S.K.: 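Structure in C-alpha cells, see below.
Residue numbering restarts at 1 for every chain, and letters A, B, ... go by the order of the sequence lines. Quantities reported herein were computed from a predicted structural model and do not represent experimental measurements. Hydrogens, waters and symmetry mates are skipped; everything else that's a heavy atom, side chains included, is used.
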Number of protein chains: 2
Amino acid sequence: MMKPVPEPVTIRDVARQARAGVGTVSRVLNGGANVSPATREWILEVMRHLDFRPHAQARRISGRRSEMVCFLLCNRDFVHSFHARVLQGVETCASELSRHVIYAVSCHNSNTPPGRIPLPPILRERGWFDGLILTGLIYGNFIRRIQALRIPLVALGNNVVTVDGAAEFDRVGFDGHKGTAEATEYLIRQGHRRIAFIGDTSFPWFKERQKGYAAAMLNGRLEPLAFTAKGVSAFAEYGEQAVASLLTSKSRPTAVVAGNDKIAYGVWRALLRQGLSVPDHISLVGFDDREEALLMEPPLTTVRVHKEEIGEALMKLLLERIHRPGPPFTRRIISTELVVRRSVKPRP
Amino acid sequence: MMKPVPEPVTIRDVARQARAGVGTVSRVLNGGANVSPATREWILEVMRHLDFRPHAQARRISGRRSEMVCFLLCNRDFVHSFHARVLQGVETCASELSRHVIYAVSCHNSNTPPGRIPLPPILRERGWFDGLILTGLIYGNFIRRIQALRIPLVALGNNVVTVDGAAEFDRVGFDGHKGTAEATEYLIRQGHRRIAFIGDTSFPWFKERQKGYAAAMLNGRLEPLAFTAKGVSAFAEYGEQAVASLLTSKSRPTAVVAGNDKIAYGVWRALLRQGLSVPDHISLVGFDDREEALLMEPPLTTVRVHKEEIGEALMKLLLERIHRPGPPFTRRIISTELVVRRSVKPRP
DNA sequence: ACTGGTTCTGGAACCGGTTTCATCATCTCC
DNA sequence: GGAGATGATGAAACCGGTTCCAGAACCAGT
C-alpha cells in the first residue's frame with residue numbers, strides 16, 4: 001500500500017481545529033497584540049498538537065521582508081579561508097538577529113574581463129533576500145549595476161577596484177595603510193634600516209599596504225624598496241620568486257614587509273631553501289594573521305585583521321541600510337592589531 | 001521633497017501594460033508552452049521595458065518548492081577550512097543546478113551535551129529550503145529529530161556519532177579506514193616496522209582511521225602502537241603532546257601515522273623542537289591534505305580527501321532524496337588518494 | 001458550411017500566510 | 001444606566017505568483 005505524503009498543516013487547519021479565525025491564529029503566531037491570554041494558550045496548544053510549522057515563504061511574501069541576506073563572494077578565485085571567516089562573522093551576527101544567510105559565489109573568475117562579469121542568477125529575481133554583502137574582488141561597475149536594481153548592499157571596502165569608475169556604497173574595512181605602517185615602524189624601532197616590501201600591487205589591498213609601508217619609510221627618512229615577481233598568480237609563489245631578485249640586489253634588505261601571510265610564507269620558504277634563517281638573517285612581518293602565521297617556524301609577526309568582526313559589522317551595517325535607503329553612505333573601519341611573534345629580530 | 005520608493009513591478013502590471021492576462025504572462029515567464037511566438041515576444045518586450053523581476057518567494061509558494069538547500073554545520077567548533085571546502089563543492093554544484101544555498105551553523109558547540117542540542121531556528125518554519133546537508137559533528141539522535149519533521153536530509157557520513165542510537169539516512173563520505181590503511185601499507189613498503197598512530201579516537205573519524213591503521217599493521221604482522229594526549233582540544237597540540245610520550249617509549253617508532261594534517265603538524269613541530277628531523281629521524285604521514293600539508297617543510301605525505309567532490313555528491317544525493325522520499329537509503333563513497341611528498345624516507 | 005480537434009487566451013481560484021475592517025463584548029466614567 | 005472608549009474576534013481582502021478551466025480562434029477534412 002502506498003502511504004501518501006501527509007499534507008502539511010496550514011494556518012487554516014489550526015483555525016478550524018481551534019474553532020477560531022485565521023486572523024486570530026496569525027496574531028498568536030506573531031506574538032500578537034490583542035489576543036486574550038486564554039485564547040492564546042488554547043491556540044498554542046492546538047498548534048503544538050497538530051505539529052504546525054508555518055510556511056516561511058508565505059509569511060515573507062505579504063510581510064514584504066525575506067529576513068535573508070546574501071553573502072556574495074565575487075570571483076571564484078577568492079574562495080579562501082579569509083572570506084570563510086568573514087562569512088562566519090556574518091552568520092554569527094545574522095543568527096543573533098534572526099536572519100538567515102544565503103551563500104553565493106559569483107560565477108566569474110580572474111580571467112573574466114571586468115566588463116563581462118555577469119550578474120549572478122540570484123539577482124534576476126527579487127525577494128530572495130533583503131540585502132547583499134559583497135566580498136572577494138569587487139569592481140565599481142559591478143556595484144553600480146547592482147545598485148541600479150535597487151538592492152541594498154554593503155561591501156568589504158578594501159576589496160573594491162574602481163578602475164571602471166567609482167561607486168558610492170556602504171563599506172566596512174580595515175586600514176591596510178595604517179596596519180602596514182605600524183608594522184614597518186615596528187621594524188624601524190627594532191633597528192632595521194633597509195626594509196623591503198613584497199606584494200603584487202595590482203591588487204587594491206596590496207597597493208594600499210604598500211603605500212602604508214612607503215609612508216612609514218619616508219617618515220623615518222628611509223628609502224622604500226620593492227621587489228616583485230612576474231607572471232605568478234599564487235601568492236606564496238609570488239613571495240618565493242620575489243625573494244630571488246631580493247637576494248641578488250646589491251644592498252640586501254635586513255627585513256621584509258610582506259603583503260600578506262601567504263606571501264610571507266613564500267618568502268620564508270625561499271629564504272629557508274637558500275639556507276637563510278628568519279629572523280637571524282632577515283626579519284619578516286606579514287599581514288592578515290591567517291592560520292599559516294602560526295604554522296611557520298618561528299611563528300610570524302603579522303598584522304591581525306579581525307575577520308569575524310568585519311563580518312559582524314557588515315551584517316549590522318547592511319541592516320541599517322535596508323531600513324534607511326538612500327545616502328549618506330557610511331564607512332566603518334575595524335582596527336588591526338600588530339601581533340608580535342618571533343620572526344623579527346632587533347638589529348643593533 | 002520626499003522621493004517615494006517606487007513600487008516594484010508585478011506580474012499584473014506587466015499583464016495590464018501588455019493588454020494580456022496574467023496567466024499568459026506567467027506562461028511566458030516559465031518558458032511556457034502554448035504561447036504564440038508573437039505574444040511571447042511582445043510580453044518579453046514589455047517585461048524588459050518595465051524592468052520586471054519576478055518575486056522569488058511568490059513563485060515558490062505555489063510551486064511548492066523553494067529551490068534552496070540548507071548547508072548546516074553542526075557544532076560551532078567545526079568552523080574550519082575542511083567544511084568551507086565541502087560548502088564550496090555544494091555551492092558549485094547547486095549553482096549549476098539552479099539552486100541556492102543557505103549557510104547555517106548550529107548554535108551548540110562541543111561543550112553542549114548531546115541530549116541538549118537545540119534544533120536550529122531555521123527548522124522551526126517549513127518552506128525555507130527543500131533539503132538539508134549536515135556536516136560538522138553530527139549525533140544520530142539529532143538526525144532522527146530532524147527526520148521526524150519530514151525534512152529530506154543527507155549527511156557527511158564520516159562525521160556521524162551514534163552514541164545515542166543509530167539513524168538511517170543518505171550519506172556521502174570517504175573511506176577513512178581504507179585511506180589510512182593504504183598510507184600505513186605505504187610506510188610498511190618503505191621498510192618501516194615500528195609505526196605509531198596518533199589521533200584522538202573519541203572522534204568517530206579518527207576512530208575509523210585508527211582501525212584502518214591497525215588492520216594494515218596486523219596484516220603486515222606488525223604490532224599497532226598508539227600514543228595519546230590528555231585534555232587538549234586543539235588537534236595540533238594533541239599531536240605535540242602525544243609526541244612527548246612517544247619519545248620516552250622504550251622502542252621509539254620510526255614512523256608516525258597522524259589522524260589528520262593538523263595533528264601531523266603538531267607532531268612535526270614537536271619533533272623539530274626536540275631537534276629531530278622529519279623524515280630523517282621519523283617519517284610522517286597525515287590525512288586530509290589541507291593547506292598545512294604544503295606549508296610544512298618538507299611537505300607532508302598525506303591522504304587527500306576530495307572535499308569539493310564530497311560537497312557535489314552531497315548536493316546531488318540530496319536532490320535525489322527530495323524527489324524520492326522514503327527508503328532505501330544510499331551511501332556514496334568518494335575515494336581518497338595517497339599524495340606522496342617528502343615526509344617519508346625509506347628504511348633499509 | 002459544418003464538424004472535430006488543436007492551440008491560445010484571459011479570468012478566477014488558489015498557495016499560506018498577513019492585514020484591514022466591521023462587529024460585538026467589556027470596561028470606564030459621569 | 002447610558003455614552004464612549006477599548007479590546008477581542010472572525011471574515012474578507014490582499015501579497016505576487018501558478019494553475020485550472022471555459023471559451024475563442026484557428027485549422028484541416030468532408
Side-chain angles (χ1 to χ4, degrees), chain A residues 5-44 46-47 50-68 122 124-130 150, chain B residues 5-44 46-47 50-68 122 124-130 150:
Chain A
V5 176
E7 280 303 304
V9 180
T10 73
I11 197 173
R12 280 168 238 269
D13 296 328
V14 175
R16 192 172 332 116
Q17 187 78 13
R19 303 174 186 286
V22 289
T24 309
V25 178
S26 175
R27 278 183 295 261
V28 170
L29 247 190
N30 298 297
N34 287 354
V35 182
S36 76
T39 312
R40 168 193 316 286
E41 273 315 311
W42 164 236
I43 289 182
L44 284 174
V46 172
M47 285 181 175
L50 292 181
D51 262 338
F52 172 62
R53 290 197 306 146
H55 191 289
Q57 318 258 28
R59 294 188 81 166
R60 305 305 176 263
I61 185 177
S62 34
R64 251 144 172 79
R65 190 153 291 140
S66 70
E67 283 165 39
M68 293 225 186
I122 198 169
R124 272 208 291 270
E125 296 179 318
R126 59 183 241 276
W128 277 121
F129 52 83
D130 303 323
R150 312 187 154 278
Chain B
V5 176
E7 280 301 306
V9 180
T10 72
I11 198 174
R12 282 168 236 269
D13 296 327
V14 174
R16 195 175 325 118
Q17 188 77 13
R19 301 174 186 289
V22 289
T24 309
V25 178
S26 176
R27 277 184 295 260
V28 170
L29 246 190
N30 298 298
N34 286 355
V35 183
S36 76
T39 313
R40 168 194 313 286
E41 274 315 310
W42 164 237
I43 289 182
L44 283 175
V46 172
M47 283 180 176
L50 293 181
D51 262 339
F52 171 63
R53 291 197 305 145
H55 191 289
Q57 317 259 26
R59 293 188 83 166
R60 306 301 175 265
I61 185 177
S62 34
R64 252 144 171 80
R65 189 155 294 139
S66 71
E67 282 164 40
M68 293 225 187
I122 198 168
R124 272 207 291 271
E125 294 179 319
R126 60 182 240 275
W128 277 122
F129 52 83
D130 304 324
R150 311 186 156 278

S.K.: Check the pair A:F52, A:I11 against side-chain contact (heavy atoms from CB on, under 4.5 Å), reporting the backbone distance first and the verdict last.
M.R.: CA-CA 8 Å; A:F52 172 62; A:I11 197 173; 4.3 Å; yes
S.K.: How long is the line joining CD1 of A:I61 and P of D:dC14, in whole Å?
M.R.: 15 Å
S.K.: Find out whether A:D51 and A:V9 are in side-chain contact, i.e. whether some heavy atom of one side chain is under 4.5 Å from a heavy atom of the other.
M.R.: no
S.K.: Apply side-chain contact (heavy atoms from CB on, under 4.5 Å) to A:R150 and B:R53, showing your working.
M.R.: CA-CA 11 Å; A:R150 312 187 154 278; B:R53 291 197 305 145; over 6 Å; no
S.K.: Please report the interatomic distance CD1(A:I122) to CD(B:E67), rounded to the nearest 0.5 Å.
M.R.: 11.0 Å
S.K.: Provide, to the nearest angstrom, the distance between the NE2 atom belonging to A:H55 and the C1' atom belonging to C:dG17.
M.R.: 9 Å
S.K.: For nucleotides 5-9 of chain D, which of its nitrogen or oxygen atoms have a protein nitrogen or oxygen under 3.5 Å away, and what is each distance?
M.R.:
| from | atom 1 | to | atom 2 | distance (Å) |
| --- | --- | --- | --- | --- |
| D:dA8 | OP2 | A:N34 | OD1 | 3.2 |
| D:dT9 | OP1 | A:S36 | OG | 3.4 |
| D:dT9 | OP1 | A:T39 | OG1 | 2.6 |
| D:dT9 | OP2 | A:S36 | N | 3.2 |
| D:dT9 | OP2 | A:T39 | OG1 | 3.2 |

S.K.: With a non-hydrogen cut-off below 4.0 angstrom, is B:R65 in contact with a base, only sugar-phosphate, or nothing?
M.R.: nothing
S.K.: Could you check B:T10 against A:V22 and say which one's nearest nucleotide on DNA chain D is further toward the 5' end?
M.R.: A:V22
S.K.: In whole angstrom, give the distance that lies between atom CH2 of B:W42 and atom P of C:dG10.
M.R.: 12 Å
S.K.: Using a 4.5 Å cut-off on heavy atoms from C-beta on, say whether the side chain of A:H55 contacts that of A:P8.
M.R.: no
S.K.: Rounded to the nearest angstrom, tell me the gap between atom CZ in A:R16 and atom C1' in D:dG10.
M.R.: 15 Å
S.K.: Going by the rule side chain to side chain contact (heavy atoms under 4.5 Å, CB included), which residues pair with B:R124 if we only count those two or more places apart in sequence or in a different chain?
M.R.: B:P121
S.K.: Can you name the nearest heavy-atom pair linking A:A56 to B:G127, along with the distance?
M.R.: CB-C, 4.2 Å
S.K.: For C:dG17 and B:R126 - does any side-chain N or O of the residue sit under 4.0 Å from the phosphate oxygens OP1/OP2?
M.R.: yes
S.K.: Consider the side chain of A:P54, meaning its heavy atoms from C-beta on, and name the nucleotide among C:dG16, C:dG17, D:dT18 that approaches it most closely.
M.R.: C:dG17
S.K.: In whole angstroms, how far is the P atom of D:dG10 from the CZ atom of A:R12?
M.R.: 14 Å
S.K.: If I take atom CD1 in residue A:I11 and atom C1' in nucleotide C:dC14, what distance separates them, rounded to the nearest angstrom?
M.R.: 16 Å
S.K.: Between C:dG16 atom P and A:R60 atom CZ, what is the distance in whole Å?
M.R.: 16 Å
S.K.: Given the structure, check if the side chain of A:R59 and the base of C:dG16 hold any donor-acceptor pair shorter than 3.5 Å.
M.R.: no
S.K.: Would you mind reading off the distance between A:L29 atom CG and C:dT19 atom C1', rounded to a whole angstrom?
M.R.: 14 Å
S.K.: Quick check on D:dT18: is either OP1 or OP2 less than 4.0 Å from any side-chain nitrogen or oxygen of B:S26?
M.R.: yes
